[in-house]
Each structure stands twice: as structure tokens, then as C-alpha cells.
Amino acid sequence: MNITQILFWLLSVMALFGALMVVVSKNPVYSVLWLIMTFFAISGHYILLNAQFLAIVNIIVYAGAIMVLFLFVIMLMNLNKETEPQRNRWLKVAGALAGGCLLLVLVAALYKSEMQGQSAEVNTGSIGLIKNLGKELFSTYVVPFEISSILFISAMVGAVMIGKKE
Amino acid sequence: MPINYYIFLSIALFCIGIAGVLTRRNAIIIFMCVELMLNAVNLLLVAFSKMHHLNAAAAGNSTAGTDGQLFVFFIMVVAAAEVSVGLAIIVMMYRNIHSVDVNFLNRLKH
């Protein structure tokens, strides 16, 4: 077992544990913090796959901007353990069972797929570096890139319009 | 690293997200679980892009697989826009009914 495999399992356990704690935490602030840990673990996976640009974007956009937005909204509403609405127990069991069934079906369907012999390249390969992605982004994908800026400005205008007091 | 591991890790994260959406009543937590599902898909896309790169590099194509990583980039862009609008809607809902409980959002039923 070399260092790459050890890191893979460590990051996987971190991501899964963080995701589970997001769902079971009673306090919404703790949920946000666990989700940030999950995002860091996923960024670690990206670095392991040598997708460095996406790892940094994931940390800056998700763990930085989006989670701060979530935390800000939660603290603005003063949500805590006491105000947290709870479903009744049977609905919780049914929800967990439904998720587990989907997991079972997907794993059973993909267990003996044709992907078995394939492997993802770790540590090497240069497609995830910012040089190659930037070249592709500003040549082939330049129109979607510009359209996404229009999407952003419309989202900004929409958020302000919705959040405005009448 | 075998691609199977990445597939199963992503499936597990996705299913935890689904279980969270089904079991929680707080609208913000449901929204966070949707983000978790998006991230599971992103991870799988990156892993598949690296798998494709490994297969295509043997055939001499050295830039194969950049498309997958750019899709992930665009997914992140759209997710950021989606979160800003979604949280604005949740804040407005809190202002109107003074709660983030999704069970109060059944006005259409009555």
C-alpha cells in the first residue's frame, strides 16, 4: 500500500464521515462546518487526481464563498438546536431506507460493469493544470464562458430583487 | 487507482445527500444536501476525465479529458448562481412565515 492509496482511503473516509455528520447533526452551524470538511476532502481528491485548478476553485468557490453564504444566512436567522424542526421517527427511517435502497441498487448494477479493468490516472497527467484548461476554456468554450457571466449578473439581480423588502 | 473506487465513493456521497434531503425538514440543510450531491457528481466527472485521459494518451492524444474538467468548472459556476438565488428565496420565506421548516410550505394544499 503506497502513499497514494493511503491518502485515497483517508480522504474517502473523511468525505463520507463529513457527509454523514452533515445529515445527522442537530445544529445547522455544525452541519455547515462538516460540509466544509467534506469539500476539503473532495478537494484533496482533486489534488490526488492532479486536477489542481479544480481543487483550488473548489476551495475558493465552495468552501469559501458558498459556505460563508450559508453560514451567514443561518446566523442571520439565529437557527440553533432548539429551533431545529424534526421529522417524526418513521419518516426518518423511511428516508434513510430509501437512500440505502438507491445505494444498494446502484452498487449492484455497477459492481460487475465494464469499467472493472479501467483505472483513473493519479499523480500524473497534465490536463488538470491551469495552462491546458485555460487554453481550452478561452478557445473552444469561450462562448459558454461569456454566457455564464450573464448568468451570474442575472442571478445577482434576481437575488437582490427577491431579497428586497417591499 | 481503479475507477470502481471512485464510482462507489461518488454513489455513497450521492446517496447520503438523498437520505439527507428525505430526512431533514430544515430548508437550508436540504439545500446543503443538494450541494453535496452536486459535489459527488463533480468528483465522478473528474475521475472519468482522468480515466479517459489515460486511455487516450496511449493513442497519442495528449489533451483528451479537458472537456470533463471544464464541465465541472461550469457546474461550479451554475451552482454558485443557484445558491445565491436559492438562499434569497429561503430568506424571503423566513421573513414571511418566520421559520425554515419545509412542512409549513403547504399552502397550495389548503
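Reminder, nothing fancy here: chain letters follow the sequence lines and each chain counts from 1.
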Q. In terms of heavy-atom pairs under 4.5 Å, which option from B/Ile7, B/Val21, B/Ile18, B/Asp101 contacts chain A the most?
A. B/Asp101
Q.
If you count heavy-atom pairs within less than 4.5 Å of chain A, which of B/Asn26, B/Val85, B/Asn55 leads?
A.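 Looking at each option in turn, the highest pair count goes to B/Asn26.
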[X] portion near chain A, given a 4.5 angstrom heavy-atom threshold:
X: B/Val78; result: both
X: B/Phe8; result: side chain
X: B/Asn103; result: side chain
X: B/Tyr5; result: both
X: B/Ser49; result: both

What closest approach, in Å, do [X] and [Y] show between heavy atoms, and which atom pair accounts for it?
X: A/Glu136; Y: B/Thr66; value: CD-OG1, 3.8 Å
X: A/Ser148; Y: B/Val77; value: CB-CG1, 3.7 Å
X: A/Ala15; Y: B/Leu13; value: O-CD2, 3.8 Å
X: A/Ala155; Y: B/Ser84; value: CB-OG, 4.0 Å

Do [X] and [Y] have side-chain heavy atoms sitting under 4.5 Å apart?
X: B/Leu9; Y: A/Leu16; result: yes
X: B/Val91; Y: A/Val73; result: yes
X: A/Met77; Y: B/Ile90; result: yes
X: B/Leu22; Y: A/Lys92; result: no

Q. Using 30° and 60° as the class limits, which term best fits the ring planes of A/Tyr141 and B/Phe74: parallel, tilted or perpendicular?
A. tilted
Q | Parallel, tilted or perpendicular, as decided by the 30° and 60° cut-offs, for the rings of B/Tyr6 and A/His45 | A |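 A/His45 vs B/Tyr6 ring planes: perpendicular.
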Do you reckon [X] sits in the same ILVMFWY cluster as [Y], going by side-chain contacts under 4.5 Å, direct or chained?
X: B/Ile11; Y: A/Tyr111; answer: yes
X: A/Phe72; Y: A/Leu33; answer: no
X: A/Phe17; Y: A/Met67; answer: yes
X: A/Trp9; Y: B/Val46; answer: yes
X: B/Phe14; Y: A/Val13; answer: no

When only pairs under 4.5 Å are counted, which of [options] shares the most heavy-atom pairs with chain B?
options: A/Phe152, A/Tyr46, A/Phe145; result: A/Tyr46
options: A/Leu54, A/Val61, A/Val22, A/Ile66; result: A/Leu54
options: A/Leu76, A/Val23, A/Ile127, A/Leu20; result: A/Ile127
options: A/Ala19, A/Gly99, A/Gly163; result: A/Ala19
options: A/Ser12, A/Ala65, A/Gly158, A/Gly18; result: A/Ser12
options: A/Val57, A/Val107, A/Leu151; result: A/Val107

Is chain B contacted by the side chain of [X], its backbone, both, or neither, given a heavy-atom distance below 4.5 Å?
X: A/Trp34; value: neither
X: A/Phe8; value: side chain
X: A/Ser25; value: backbone
X: A/Val24; value: backbone

From [atom1] ([X]) to [atom2] ([Y]), nearest 0.5 Å:
X: A/Gln52; Y: B/Gln69; atom1: CD; atom2: CD; value: 10.0 Å
X: A/Leu137; Y: B/Phe73; atom1: CG; atom2: CZ; value: 5.5 Å
X: A/Ile60; Y: B/Met76; atom1: CD1; atom2: CE; value: 10.5 Å
X: A/Leu106; Y: B/Ser10; atom1: CG; atom2: OG; value: 11.0 Å
X: A/Leu48; Y: B/Lys50; atom1: CG; atom2: NZ; value: 10.5 Å
X: B/Leu87; Y: A/Leu69; atom1: CG; atom2: CG; value: 5.0 Å

Q: Taking atom CD1 of A/Ile6 as the centre, report whether more than 12 heavy atoms of other residues, nucleotides or ligands fall under 6.0 Å from it.
A: yes
Q. Should we say atom OH of A/Tyr30 is surrounded by more than 12 heavy atoms from elsewhere, each under 6.0 Å from it?
A. no
Anything under 3.5 Å between a donor and an acceptor, one on a side chain of residues 27-40 of chain B, the other on a protein residue two or more places apart or in another chain? List them.
| from | atom 1 | to | atom 2 | distance (Å) |
| --- | --- | --- | --- | --- |
| B/Glu35 | OE1 | A/Tyr62 | OH | 3.4 |
| B/Asn39 | ND2 | B/Glu35 | O | 3.2 |

